[in-house]
Amino acid sequence: QVQLVESGGGFVQPGGSLRLSCTASGRIFRIFEMSWYRQAPGKQRELVSSIMRTGITNYVDPVKGRFIISRDDAQNTVYLQMDSLKPEDTAVYYCAANVQSAAILNVVGYWGQGTQVTVSS
């Protein structure tokens, strides 16, 4: 099976920055959409940003101008550069990817287990 592993979360003061990484491993043929979601305590999981295989990106309004999503297909990795962080950004951040594996050519969605981001003074 394909596995996604996130890293880069941690504690940061308001106005600070963090860079999240998510690396996919397994018998991967091609990765299509890669996305970042987040879930704050007591709230629903929400989409933060996504990037297509073509490089087209999408951001939700609360993070526009502050977050940048990118991908490195040679490393099967997606990044989320987060600048000017606010307390409202505090959440568990989850990586998601639509993957076509070498073992099974069907495109299947996968989730990482999440990484905690805490923004507080």
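For reference, positions follow the sequence shown, starting with 1.
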**Prompt:** What distance separates K64 NZ from T57 OG1, expressed to the nearest 0.5 Å?
**Reply:** 9.5 Å

Looking at [X] and [Y], what are the two nearest heavy atoms and their distance?
{"X": "L4", "Y": "A97", "result": "CD1-N, 3.7 Å"}
{"X": "L47", "Y": "S49", "result": "CD1-O, 3.7 Å"}
{"X": "A96", "Y": "Y37", "result": "CB-CE1, 4.0 Å"}
{"X": "S121", "Y": "P14", "result": "N-CD, 3.6 Å"}
{"X": "A24", "Y": "I31", "result": "CB-CD1, 4.0 Å"}

**Listed once per pair and sorted, the side chain to side chain donor-acceptor pair (under 3.5 Å) pairs that draw on residues 100-114, sequence neighbours left out** = Q1-Y110

**Request:** Sort and list the pairs that fulfil side chain to side chain donor-acceptor pair (under 3.5 Å) and have at least one residue in residues 87-99, not counting sequence neighbours.
**Result:** R38-D89, R38-Y93, R66-D89

**Prompt:** Counting distance only, does the side-chain N/O of R53 pair as donor-acceptor with the main-chain N or O of M34 below 3.5 Å?
**Reply:** no

**Asked** Can you pull the ring pair (Phe, Tyr, Trp, His ring centres under 6.0 Å) pairs that have at least one residue in residues 49-69, sequence neighbours excluded?
**Response**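 Those involving residues 49-69 do not exist here.
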
Applying disulfide bond (SG atoms under 2.5 Å apart), which residue pairs with at least one partner in [range] are found, sequence neighbours left out?
{"range": "residues 52-121", "value": "C22-C95"}
{"range": "residues 30-63", "value": "none"}
{"range": "residues 47-84", "value": "none"}

**Message:** I'd like to check the side chain to side chain contact (heavy atoms under 4.5 Å, CB included) partners of V5; sequence neighbours left out, ordered by chain and number.
**Reply:**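 If we apply the side chain to side chain contact (heavy atoms under 4.5 Å, CB included) test to V5, skipping adjacent residues, the hits are Q3.
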
**Item:** Residues that S17 engages under side chain to side chain contact (heavy atoms under 4.5 Å, CB included), provided they are two or more places apart
**Value:** Q81, D83

**Request:** List in chain and number order the residues that pass salt bridge (charged side-chain N to carboxylate O under 4.0 Å, His left out) with K43, two or more places apart in sequence or in another chain; answer none if no residue qualifies.
**Result:** none

**Request:** Using the test side chain to side chain donor-acceptor pair (under 3.5 Å), find all partners of T118 that sit at least two apart in sequence or belong to another chain.
**Result:** Q116

**Asked** Honestly curious: do M82 and I68 fall in one hydrophobic cluster under the side-chain, below-4.5 Å linking rule?
**Response**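 Yes, same cluster.
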
**Request:** Decide whether V60 and Y79 are clustered together by the hydrophobic rule: side chain heavy atoms of Ile, Leu, Val, Met, Phe, Trp, Tyr closer than 4.5 Å, transitively.
**Result:** no

**Message:** Go through it in stages, so that I can follow the logic: the residues are V2 and V108, the test is side chain to side chain contact (heavy atoms under 4.5 Å, CB included), and I'd like the CA-CA distance, side-chain angles, deciding distance and then a yes or no.
**Reply:** CA-CA 9 Å; V2 173; V108 178; over 6 Å; no

**Request:** Could you tell me whether the side chain of V119 reaches within less than 4.5 Å of the side chain of V12, counting heavy atoms only?
**Result:**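 The answer is yes; the side chains approach within 4.5 Å.
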
**Message:** I'd like to check I51 versus V78 (side-chain heavy atoms, cut-off strictly below 4.5 Å). Are they in contact?
**Reply:** yes

**Transitive ILVMFWY cluster of F32, excluding itself - 4.5 Å side-chain cut-off** =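 Its cluster partners, ordered by chain and number, are V107.
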
**Message:** Here's a test for you: under side chain to side chain contact (heavy atoms under 4.5 Å, CB included), which of L80, N58, L20, V63 qualifies with I69?
**Reply:** L80

**Request:** Name all pairs fulfilling the salt bridge (Lys or Arg N to Asp or Glu O under 4.0 Å) condition that reach into residues 23-35, sequence neighbours left out, sorted by first residue then second.
**Result:** none

